[in-house]
Amino acid sequence: MAQINLLEQSTIDKIAAGEVVERPSSVVKELVENAIDAGATAITVEIKEGGISFIRITDNGCGIEKEQIEKAFLRHATSKIQSAEDLTTIQSLGFRGEALSSIAAVAEVELITKRAESLTGIRYTRRGTEDSQMEEIGAPNGTTFIIRNLFFNVPVRKKFLKQAPTEGGYIADMMEHMALSRPAVSFKFTNNGQTRFHTSGNGDLKEVIYRIYGRDITNNLLDVELQNAHGSISLRGYLGKPELNRANRNFEFFFVNGRYIKSELLSKGLEEGYKQFLMQHKFPFAVLQMDIDTALVDVNVHPTKMEIRFTQEGEILNFLSEGVKKIMCGKELIPSTELVKEVQPPRQTIKAPEPFEVQRTRKEKDETANIVVAEEAAYKLQDNSGKLQENTEKMREILQKSSIGRVLGGESTISRAGSENIHNNIIKAEKHILVERPTQMNFFEDQFLSHEAKTQYEILGQVFGTYWIVSFGERLIFIDQHAAHEKVKYERLIKELADKTILSQMISPPVILQLSGREESVLKEYGDSFAAMGFEIEEFGENAYALRSVPTDLYGCREADLFLEILDELWEGTGNGVLAVMDHKIASAACKAAVKGNSKLSREELENLIEELLTLENPYHCPHGRPTMISMSQYEIEKKFKRIL
């Protein structure tokens, strides 16, 4: 039996730190929450290199007494609660007493603090589990924490951190949540010497939203102020109008008793309220602050304190969904538009067609003609069953190359048969062909998309403003103009991206975007990839960026929305790689940029579209898998008209 050992305190601290301190944003969250609990009205957070090398958090709170400093760094030491009974009425953000001990176990910590009644402050330093030092120092009222070299003594944890811009994005995202949760506190966040945002602390939530997300979002908000019948639940905040929808839930913000949380229950209630106002797979913008009786929630679920449990889930779900629905139904939600100068789209040049299948076996024209002649001969022989062709050898030669010859058993069978037997077998074969089940048209054999077949096209016209009908031999080809155009645009963009020959179209005037912290971090991390795609983005003041150009084929397809959707998906799927995300978004962008159904195309435009289809390896399906064209044979049409039984 293996011997049971008691772990050293330093080992215990490092293990415990793994639950509380997951990354730099965890450190910032815990210390900012402590500052809020200390009564701070102004909090400044400064980071460098994504918080991995340097974090400084300064507040004007009550400070820490000298005699309490070392005790504060012990595990499960807290001033927020005294017994388990206090958990049912907890009002503070922190209460577990694990933060400082966990942070000190994996980083170099410097603390400077001063109480208002003290003449001098205290400077306290600690490096991991090593001995600490304490000295008196001149300092302003409040507390400053400086965290350096996070995970310096736990390399296995440090190597799993992401790149500095991404880690900085997590911190920016968390700081935005903090600012939204406490409008009465002034927050200042600085990343690598650049101020990301600075709120006034005047208590106006809408002002905080404006400073973080900009004017466009702030101008499309609906006020929320609700209370249930018992008065145990109240809700206030803002709902975004339906046009503010996003591709994920990243802009659903819930705060329960001043604490930012993630809750499937609250998300479900919110989305139920929006259900009839948003398309599928679209999610709303919402900043909702819920005050609820502390006896109805349990915040002691996880060390990160971002998950809570509700004792009356059904009531809360109905309260939220019905309240949101009532607010949305009581407003006129017809989107308004502004008249702007129309920008002419770029002129498109038709690319020279290239063979879309280089390795394909091609049939000679005379062979195709022989097949047609043989099949016509079979029809004639069926109509005039008593007559035989005079030139049996010529007929045998034709049949050896025809589809009927294949039915009869191949070249050897035909060469041995006499003219009378050939005639009798042709009649049988012809009957066999006429009752054969129709099969899907094989475009590779029938060569509809080939330069040789172009002379056989007969464009009959467009129906329903969406589908083109083309006669080709004994078949009608129905082309979905949207799916075909989408495929062409998609393949063109993918090829240009791979060849690094993608062209950009300038936007005049440029589109100004107000990016959140996470969106800005994604942009910085994948800046080179965006440039390679043809996007040109420049900084345009605090938190704002100017979108000056986009890939030419995406011009005019709601460039700002497309760009933000790419940022959202990159944030959620960073581990999948930028190319996979770009490929998916290009497919969506090509769909949006393609000519739509119920749009009139000229005959010349359709011909150009078919020319471009010739250049593709698989021109038969759009990027989402839908067919670009279908066919109907003469046989099928004649069956419908009962000409064939």
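- Under a cut-off of 6.0 angstrom, the local environment of NZ in Lys158 is crowded, with over 12 non-hydrogen atoms contributed by other residues, nucleotides or ligands.
- In summary, Lys241 and Glu243 do not engage in a salt bridge, as defined by a charged side-chain N under 4.0 Å from a carboxylate O.
- Salt bridge Glu271/Arg249: present, at least one basic N to carboxylate O contact under 4.0 Å.
- Judged purely by distance below 3.5 Å, without hydrogens or angles, the side chains of Ser516 and Asp173 never pair a donor atom with an acceptor atom.
- In summary, Lys282 and Glu565 engage in a salt bridge, as defined by a charged side-chain N under 4.0 Å from a carboxylate O.
- Considering every non-hydrogen atom in both Phe540 and Ala546, the closest pair reads CB-N, 3.8 Å.
- By the 4.0 Å N-to-carboxylate-O rule, Arg56 lies close enough to Glu46 to be salt-bridged with it.
- One distance of note links CG of Leu523 with CG of Leu564; it measures 10.5 Å at 0.5 Å rounding.
- Annotation: ring pair (Phe, Tyr, Trp, His ring centres under 6.0 Å) contacts involving residues 175-196, sequence neighbours excluded, comprise His177-Phe253, His177-Tyr260.
- Within a 6.0 Å sphere centred on CD of Glu264, heavy atoms belonging to other residues, nucleotides or ligands number 12 at most.
- Between the side chain of Asn191 and the backbone N or O of Gly169 there is no donor-acceptor pair closer than 3.5 Å.
- With a 6.0 Å radius and a threshold of 12 heavy atoms from other residues, nucleotides or ligands, Asp528 has its CG atom at or below the threshold.
- Note that CZ of Arg211 and CG of Leu180 are 13.0 Å apart. Values are rounded to the nearest 0.5 Å.
- The number of heavy atoms from other shown groups lying within 6.0 Å of CD (Glu135) is above 12.
- With rounding to the nearest 0.5 angstrom, the CG atom of Leu288 is 8.5 Å from the CG atom of Leu266.
- Sparse packing is recorded around CD of Gln133, with 12 or fewer heavy atoms of other residues, nucleotides or ligands lying under 6.0 Å away.
- The structure places CD1 of Ile147 at 7.0 Å from CD1 of Ile57, a figure rounded to the nearest 0.5 Å.
- Across every non-hydrogen atom of Leu270 and Leu320, the tightest pair is N-CD2, 3.7 Å.
- A distance of 8.5 Å separates CD in Glu519 from CG in Leu513, rounded to the nearest 0.5 Å.
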### Task
Starting from the C-alpha separation in whole Å, work towards a yes-or-no answer on salt bridge (Lys or Arg N to Asp or Glu O under 4.0 Å) for Glu272 and Lys268.
CA-CA 6 Å; Glu272 282 290 328; Lys268 182 178 180 181; 6.0 Å; no

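- Within 6.0 Å of the NZ atom in Lys206, the count of heavy atoms belonging to other residues, nucleotides or ligands exceeds 12.
- Taking the side chain as every heavy atom from C-beta outward, Phe535 and Leu547 approach each other to under 4.5 Å.
- Using a 4.0 Å cut-off between a side-chain N of Lys or Arg and a carboxylate O of Asp or Glu, Glu525 and Lys162 do not qualify as a salt bridge.
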### Task
Take Tyr124 and Glu70 through the test side-chain hydrogen bond (donor to acceptor under 3.5 Å, both in side chains) and record every step on the way to the result.
CA-CA 9 Å; Tyr124 177 83; Glu70 288 190 340; 4.7 Å; no

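- Around the CD atom of Glu49, the shell of radius 6.0 Å holds no more than 12 heavy atoms that belong to other residues, nucleotides or ligands.
- Counting all heavy atoms, side chain and backbone alike, Phe283 lies closest to Asn248 at CB-O, 3.2 Å.
- With a 6.0 Å radius and a threshold of 12 heavy atoms from other residues, nucleotides or ligands, Phe310 has its CZ atom above the threshold.
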